[in-house]
Every structure is written in C-alpha cells, then in structure tokens.
Amino acid sequence: FTRDIEGKDPEHIASLMASFDLTQTLSSTLFLSYVDRLTAIDVPSYLRADLRLSYRVSDGLKLNIVGQNLLEESHLEYGSDFFVQRTAVPRGVFGWLEYKF
C-alpha cells in the first residue's frame, strides 16, 4: 500500500490567501499554494495561483468567476491514495451565480 512508501508526502507545504474589496460591488480573492516534490512518484514541486472575482449585482445576487492554476498550463499532483499515480491538473476557469434570500 502507498502508506508504506517513503517520499509520497511533500516535506513542505505553504499557502497564502488574500481577499480585497476593490469597489463596493467588486471583490477578489487570491490563493497561492506551494507543494514540495514527491520523490516516490516523481512529482515535481509546484506553485499554484487561483484568483476569484466576485461582482455583487444586487443585495442578494453575486456573479463569481474563478481562474485556477493560473501560473502553468498544468502541473502534476498525487492522484490516488490506493494506487501510486500522478494526475495532471490543468488550468481552468469556471463561474457561478450566487443568490441569497
């Protein structure tokens, strides 16, 4: 089992999150994450940046847009606890509407 493999867990992990109100209706959140290499399965270290922009349309309605993995087209991560495998995580963009009543 992978629990017995030395080097399957990163030695160092660091993250930083900062949120800003840019205007009364526009806010953003920046998330930076560093993960050290995984020597057992040859996954290099990586730095990841995600950014969320949120626009308040009205008191109860928000439009959110998120960009993930903005620094690279993709990076490798550890993909399974059962099998020792690497998974390429691509850059992505998605959005959603949030309505509170």
Side-chain angles (χ1 to χ4, degrees):
F1 292 105
T2 60
R3 290 182 198 102
D4 300 328
I5 298 176
E6 186 176 329
K8 75 168 183 72
D9 296 316
E11 189 171 334
H12 300 99
I13 297 174
S15 60
L16 174 71
M17 185 177 82
S19 294
F20 304 97
D21 289 330
L22 303 172
T23 67
Q24 288 184 338
T25 58
L26 186 64
S27 64
S28 69
T29 301
L30 174 64
F31 182 77
L32 296 173
S33 176
Y34 170 79
V35 178
D36 209 359
R37 66 191 180 107
L38 303 176
T39 56
I41 55 174
D42 196 29
V43 173
S45 63
Y46 61 88
L47 178 66
R48 176 180 172 156
D50 299 341
L51 178 66
R52 179 192 58 87
L53 292 173
S54 180
Y55 177 69
R56 188 168 43 89
V57 178
S58 65
D59 284 340
L61 183 62
K62 276 188 186 178
L63 171 63
N64 298 282
I65 299 174
V66 174
Q68 292 182 316
N69 198 27
L70 298 175
L71 300 177
E72 300 179 275
E73 187 175 317
S74 67
H75 67 267
L76 291 176
E77 287 187 8
Y78 181 57
S80 172
D81 286 332
F82 187 71
F83 297 106
V84 177
Q85 69 181 36
R86 302 177 306 168
T87 301
V89 178
R91 180 179 296 138
V93 176
F94 66 93
W96 75 93
L97 286 172
E98 181 180 330
Y99 182 71
K100 293 183 180 181
F101 53 95

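The basis for the numbers below is simple: all heavy atoms, side chains too, and nothing from hydrogens, waters or symmetry mates.
When hydrophobic clusters are built by joining Ile, Leu, Val, Met, Phe, Trp and Tyr residues whose side-chain heavy atoms come closer than 4.5 Å, directly or via intermediates, Tyr55 is grouped together with Tyr99. Hydrophobic clustering, with ILVMFWY side chains joined whenever heavy atoms are under 4.5 angstrom apart, groups Leu22 together with Leu61.
Side-chain contact between Val66 and Trp96: present, with at least one pair of heavy atoms (C-beta onward) separated by less than 4.5 Å. Using a 4.5 Å heavy-atom threshold, the side chains of Lys100 and Lys62 count as separate. Residues Arg52 and Ser27 have side chains in contact (heavy-atom distance under 4.5 Å, counting atoms from C-beta outward).
Proximity of a side-chain donor or acceptor of Arg37 to a complementary backbone N or O of Asp42 within less than 3.5 Å is not detected. The main-chain N or O of Asn69 is found under 3.5 Å from a side-chain atom of Asp50 such that the two form a donor-acceptor pair.
Glu77 contributes atom CD, which lies 9.0 Å from atom CG of Leu38 (distance to the nearest 0.5 angstrom). One distance of note links CZ of Phe20 with CG of Leu53; it measures 12.0 Å at 0.5 Å rounding. For the atom pair Arg48 CZ and Leu70 CG, the distance stands at 9.0 Å (nearest 0.5 Å).
Just one residue in the list Asp36, Leu76, Val35 forms a side-chain contact (heavy atoms from CB on, under 4.5 Å) with Val43, and that residue is Leu76.
For Thr23, the side chain to side chain contact (heavy atoms under 4.5 Å, CB included) criterion is met by Thr25, Leu26, not counting sequence neighbours.
Identified under the ring pair (Phe, Tyr, Trp, His ring centres under 6.0 Å) test for residues 25-44, with sequence neighbours left out: none.
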- [ ] In sequence, state the C-alpha distance, the side-chain angles, and the governing distance for Ser33 and Ser15, and then conclude on side chain to side chain donor-acceptor pair (under 3.5 Å).
- [x] CA-CA 4 Å; Ser33 176; Ser15 60; 5.7 Å; no
Open item on the list: For a side chain to side chain donor-acceptor pair (under 3.5 Å) check, start with the C-alpha distance between Ser54 and Asn64, then their side-chain angles and the critical distance, and finish with the verdict.
Closed with: CA-CA 4 Å; Ser54 180; Asn64 298 282; 3.0 Å; yes
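In plain terms, the two heavy atoms of Pro90 and Ser74 that are nearest each other are CA-CB, 3.8 Å.
Counted within 6.0 Å of CD on Glu98, heavy atoms from surrounding residues, nucleotides or ligands total more than 12; the atom is thus considered enclosed.
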